[in-house]
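Reading through the structure tokens given below for one structure.
Worth knowing before you read on, the calculation uses all heavy atoms, side chains too, and leaves out hydrogens, waters and symmetry mates. Quick note on labels: first sequence line is chain A, next is B, and so on, each numbered from 1.
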There are 2 protein chains.
Amino acid sequence: MAIEVPTFADVEAAARRIAPYAVRTPLVEAPVLGARIGGRVFLKLENLQRTGSFKFRGACNRIPMIPESQRARGVVAFSSGNHAQGVAAAAEIFGIPALIVMPVDAPRAKIEGTRAYGAEIVSYDRVTDDREAIAARICAERGAALIKPYDDPGIMAGQGTIGLEIAEDAARFGVILDAVATPCSGGGLVTGTALGLKGAGVAAPVHSVEPENFDGMKRSLQAHARTNAPGTSEGGKLSIADALMAPVPGHHVFALADGLLAPGIAVDDEELARAVAFAALKLKLLVEPGGAAALAAFLAGKLEGKTVALVVSGGNADFASVEQAVSRHSEV
Amino acid sequence: MAIEVPTFADVEAAARRIAPYAVRTPLVEAPVLGARIGGRVFLKLENLQRTGSFKFRGACNRIPMIPESQRARGVVAFSSGNHAQGVAAAAEIFGIPALIVMPVDAPRAKIEGTRAYGAEIVSYDRVTDDREAIAARICAERGAALIKPYDDPGIMAGQGTIGLEIAEDAARFGVILDAVATPCSGGGLVTGTALGLKGAGVAAPVHSVEPENFDGMKRSLQAHARTNAPGTSEGGKLSIADALMAPVPGHHVFALADGLLAPGIAVDDEELARAVAFAALKLKLLVEPGGAAALAAFLAGKLEGKTVALVVSGGNADFASVEQAVSRHSEV
């Protein structure tokens with residue numbers, strides 16, 4: 001397999017490509033967080049992105065790269081929900097049929113959201129089925145294009161627009177960031193964001209934040225080689241961050257990540273749930289557990305820095321799960 | 001009483017005064033709302049403001065106007081909660097003692113929030129007590145300065161910075177707004193916002209949105225004279241928008257509002273609750289019922305316009321009340 005990574009020019013091209021469709025999400029200061037460190041904390045609110053997560057950016061950049069002649073055959077994606085909605089919404093905008101392979105236990109909000117964008121849905125079981133095989137079979141049958149969730153330069157460049165925007169807005173606020181953190185599953189978001197930031201001249205270390213046992217990026221960065229987290233082991237407990245369960249970073253992703261990213265951070269389910277509750281009660285934001293991973297790392301004191309940007313990557317929680325987090329962590 | 005209204009220069013001065021302390025809240029596009037009208041809808045997210053509502057702006061502008069020699073005697077305010085927190089937080093910043101007169105039935109989140117900023121709290125009963133008399137007595141005893149919730153040019157100018165920021169951000173997005181709506185209780189927010197917008201060259205009509213039976217601004221604008229809404233009548237049902245129960249606009253407020261504002265809009269409790277649920281489920285935002293009034297007017301089809309800005313003015317709901325709204329309006 002030829003490894004291909006995006007360049008900063010690809011991120012800039014993505015920014016132009018998605019501008020008519022993507023929400024220019026805000027970077028907003030959260031004094032209640034800054035007060036905890038005697039510094040300043042900024043949140044990049046991708047839960048306010050179209051479809052409720054950053055995934056729309058990558059899909060909206062990647063899908064129009066499909067040659068006109070092949071578009072009628074449609075696109076296929078496998079996803080626990082956020083990439084599903086991103087692909088479905090982008091496909092709808094470009095008038096392309098979309099089929100999404102989703103786990104049966106995906107949050108209801110994500111399944112309904114995907115269907116609402118007109119996508120066809122095929123369900124699979126996380127434990128017994130191989131979603132990549134299902135998607136590959138359907139692509140072969142239909143001649144459809146597979147839109148991978150992260151391990152694709154076009155997807156990574158799309159997510160990179162987040163880094164570009166953080167850099168622009170930090171400059172507008174007149175601040176020099178000394179740390180940035182983003183949630184991480186397969187690594188498209190964190191590497192793209194780091195690429196966009198570095199290209200725009202922001203030298204701050206960029207940290208991946210993953211659930212414990214699904215911290216493949218952290219382990220891979222330590223080893224300077226793609227390394228699986230135990231998340232893949234049989235019968236392992238799943239994370240409450242349904243969006244962050246890739247056990248290992250993608251090939252193309254890791255080729256870019258190694259040397260670009262600062263050391264990874266892992267957070268446990270308690271830390272994730274506390275961050276969801278904090279977001280609801282103190283920040284007035286609905287955030288899903290995976291979307292709150294960088295906030296969780298900050299609240300747990302796992303992130304160094306006095307002028308920090310945290311990417312809040314998604315808000316597609318079932319409301320009941322937010323209620324549960326709030327009821328267990330009302331004293332945030 | 002000499003009627004005094006702020007000028008656009010006062011709004012510009014307020015912007016400079018509060019800049020070191022207030023959050024520059026974002027104006028963010030909500031495609032899910034724009035799709036409903038085949039247009040564009042932008043939200044000004046004052047629920048992300050310090051203290052969780054716009055009230056911090058007015059307090060942060062007004063309190064430093066107190067002469068140095070009088071500051072040690074402290075400030076007093078009466079408020080159902082958002083002004084309370086705004087005054088308490090601003091007083092804490094300027095090192096001034098604050099006493100807040102709050103209704104016993106104010107949302108717990110607002111009472112706790114106020115106490116957390118170090119303010120002393122005196123409780124009163126909305127039906128049997130006269131909060132203005134209680135506050136006046138305490139001011140007389142202590143020589144403290146009363147910080148009124150809206151009927152004060154310094155407060156209005158502070159809220160006016162919202163209009164200034166909407167104008168700046170709309171220009172940055174390259175859009176020309178054709179309607180703006182804000183929640184309205186005593187009218188400081190809506191008149192200040194209109195003053196800031198007009199001064200910055202935005203010609204869009206600016207609408208107040210009030211709960212039915214508390215629509216004193218709507219009635220006053222129609223009559224071109226301050227007119228009480230029936231909210232004051234004995235035994236009348238209260239609104240779920242605890243923050244929007246002023247029955248009539250302030251004197252100074254109305255002197256500015258008449259001729260400046262477009263016709264007012266009223267929304268009922270169902271429309272408010274639906275907006276709270278919509279904000280949580282579709283916009284990923286925690287909004288209190290009063291803070292959602294402009295969104296409620298939009299969702300109810302009561303606001304004309306194809307390029308619209310809605311002020312989301314506060315997010316200090318008890319979480320349980322959001323749960324209740326979501327459970328009753330899950331099909332938003």
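- In this structure a side-chain-to-backbone donor-acceptor pair under 3.5 Å is present from D178(A) to K306(A).
- Residues of residues 107-116 of chain B never come closer than 4.5 Å to chain A when only heavy atoms are counted.
- Of the atoms belonging to L285(A), heavy atoms from both backbone and side chain fall under 4.5 Å from chain B.
- Identified by a heavy-atom distance below 4.5 Å to chain A, the contributing residues of residues 48-57 of chain B are L48(B), R50(B), G52(B), in residue-number order.
- Taking the side chain as every heavy atom from C-beta outward, H83(B) and I147(B) approach each other to under 4.5 Å.
- A salt bridge does not link E288(A) with K284(B): none of the charged nitrogens is closer than 4.0 Å to a carboxylate oxygen.
- If you measure heavy-atom distances from L27(B) to chain A, you find no contacts under 4.5 Å at all.
- N316(A) touches chain B through backbone and side chain together, each having a heavy atom under 4.5 Å away.
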- Task: Show your reasoning for whether side chain to side chain donor-acceptor pair (under 3.5 Å) applies to E46(A) and S313(A).
- Result: CA-CA 5 Å; E46(A) 284 295 298; S313(A) 58; over 6 Å; no
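- At distances below 3.5 Å, at least one donor-acceptor pair connects side-chain atoms of K44(B) with backbone N or O atoms of T25(B).
- The contact between F173(A) and chain B is made entirely by side chain atoms (from C-beta outward), counting heavy-atom distances below 4.5 Å.
- Classification of R24(A) and D169(A) as a salt-bridged pair holds, one side-chain N sitting under 4.0 Å from a carboxylate O.
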